[in-house]
2 protein chains.
Amino acid sequence: MPDSAFAEIRNLDLFAQMTDENFAALMRGAYVQNFPAQIDLISEGDPSDFLHVVLSGSVDLFSTWNGRDTSLATVRPIATFILAATVKDAPYLMSARTLEKSRIALIPSQDVRAIFDVDGNFARAVVTELAQSYRTVVKSQKDLKLRTSLERLANYVLRQQKRSGEVSSFFLECEKRRLASVLGMTPENLSRAFKGLVPYGVQVEGTRVTILDQGELERFAKPNPLIDDTSV
Amino acid sequence: MPDSAFAEIRNLDLFAQMTDENFAALMRGAYVQNFPAQIDLISEGDPSDFLHVVLSGSVDLFSTWNGRDTSLATVRPIATFILAATVKDAPYLMSARTLEKSRIALIPSQDVRAIFDVDGNFARAVVTELAQSYRTVVKSQKDLKLRTSLERLANYVLRQQKRSGEVSSFFLECEKRRLASVLGMTPENLSRAFKGLVPYGVQVEGTRVTILDQGELERFAKPNPLIDDTSV
DNA sequence: GGGAATGATTGATAATAGTCAAGCCGATGA
DNA sequence: TCATCGGCTTGACTATTATCAATCATTCCC
């Protein structure tokens, strides 16, 4: 593994507090790989052989059932995915594929579990990471169950605006078809939903979103930190 | 705290592996309380002052937004809830209320965090619990996004049947209005959905569910371990 | 037992979301 | 430059789900 990747991974919250020795042991069997876009990395149901760390690019976590599929999350650098499956030694619940050209580190799951068993600091870091993941999914669940698709989109727009630095105009950072799937609707409906936001002062041209009336949009979206804040 | 409750809690996976000393420290500030049915225990947004352990009865975890509400999970003995909020020292994402008369142990969150910081075995047990919770929510998310309400109900019926010991006739263990909320639909629609399962050999009288044609129901429901198995 | 309250069901209707088919539009590449 | 492809949009239609109102069934309490 190249030194740069080694340092990048070491600086992750998940690995920052463990001993040098344990970190080295963890990295011994690990390797970094470059993947092109649209490559399947793992399939749900497979045994969790590797903990994945996205160093660059982005990864789509999705799931399939009975011919349908849905995107559940996007993983962006630098973050890990499938940690829960790894520590439980259980099959993946989600599939993963690259959204773009991506550099990904693969750490053998058995090494993660072995170090986890002896390194209390690592175990505590895993807790933080899992608690964060858990709370993220719960928020997403609330978003899905408590809001209509138009409300979900309105709040998504506000969240993206915040990520972009509170500006009034910004770009969507993923395909609309995928955004539709993430938001739990069809691409056709997403198109119509964007039109449905026009009365609340949202304009969309291609991937550019412009918020003309912040107050009106917020009055409609009713954003809630317990659903929409990533930090809470 | 009575000795019986002390022992019950000690035997939970979450607390079984920690030292006697740390467990005693954890229990020092803890107490057990009896609650009648339909009592609000916590409200989403509140600081996470106590880790809750359900010793008897049952608890509904739910959430509210913009005048709507939805049930997210049921906690049955013996299990904890709001562990993620406790370890992260973050506000509750869900509210909780008793569904029936319940006995609940309350452990001060700051004690949990303090012991967590010094007891590696406890930290590892927390990981297991959180990973389990995380995977449960992910499965529920898949259930919601990939299935229609009729399919969700069909699979719920199959899951309940399994819980009841693979018998062909069993009883629903919660109010239908709450079941509707858990499954992400209205009570009216749940009524209609039960009728919609008649062609697949499901009969409902009051809270009694009878499966007349197991094969037909399974062919329709297409249960999947990566969504429906609690153990995976 | 006789209300009263609560939950369950039903029917009618409206809102919401999905499907299918066609056309549009912009990026890509010969 | 043009053709092609994939994704996006639109329209028409269908399916699904929610809402509202009324009724029915149960339980609970006096």
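In this structure, the CZ atom of A:Arg177 is 10 Å from the P atom of D:dG6, given to the nearest Å. D:dT16 atom C1' lies 15 Å from atom CG of B:Leu153, rounded to whole Å. Between the NZ atom of B:Lys176 and the P atom of D:dT27 there is a distance of 13 Å, rounded to whole Å. In this structure, B:Gln38 places its CD atom 14 Å from C1' of C:dA5, rounding to the nearest Å. The CZ atom of B:Arg178 sits 12 Å away from the P atom of C:dA8 (whole-angstrom rounding). In this structure, CZ of A:Arg192 is placed 13 Å from P of D:dC13, rounded to the nearest angstrom. Atom CG of A:Leu190 and atom P of D:dT9 are 7 Å apart (whole Å). In this structure, B:Lys145 atom NZ and C:dG18 atom P are separated by 11 Å, rounded to whole Å.
Counted by atom type alone, A:Gln38 and A:Thr98 present zero donor-acceptor pairs between their side chains at under 3.5 Å. Side-chain contact annotation: A:Gln141 with B:Ser140, donor-acceptor N/O pair under 3.5 Å present.
The phosphate of D:dT10 (OP1 or OP2) has no side-chain N or O of A:Ser191 nearer than 4.0 angstrom. Of the side-chain N and O atoms in B:Thr148, none sit less than 4.0 angstrom from OP1 or OP2 of D:dT16. Between B:Thr186 and the phosphate of D:dT17, there is no side-chain N or O to OP1/OP2 separation shorter than 4.0 Å. OP1 and OP2 of D:dT17 both lie 4.0 Å or more from every side-chain N or O belonging to B:Asn189. Contact check, B:Lys195 against C:dT9: no side-chain N or O comes under 4.0 Å of OP1 or OP2.
Taking the six-membered ring where the residue is Trp, B:Tyr200 and B:Phe220 present parallel rings, their angle staying beneath 30° rather than reaching 60°.
Closest heavy-atom contact between B:Arg135 and B:Val232: NH2-C, 3.6 Å.
For the salt bridge (charged side-chain N to carboxylate O under 4.0 Å, His left out) with A:Asp228, the qualifying choice from A:Arg163, A:Lys162, A:Arg147 is A:Arg147, the only one to do so.
Counting any heavy atom pair closer than 4.0 Å across all strands shown, A:Glu188 reaches a base atom.
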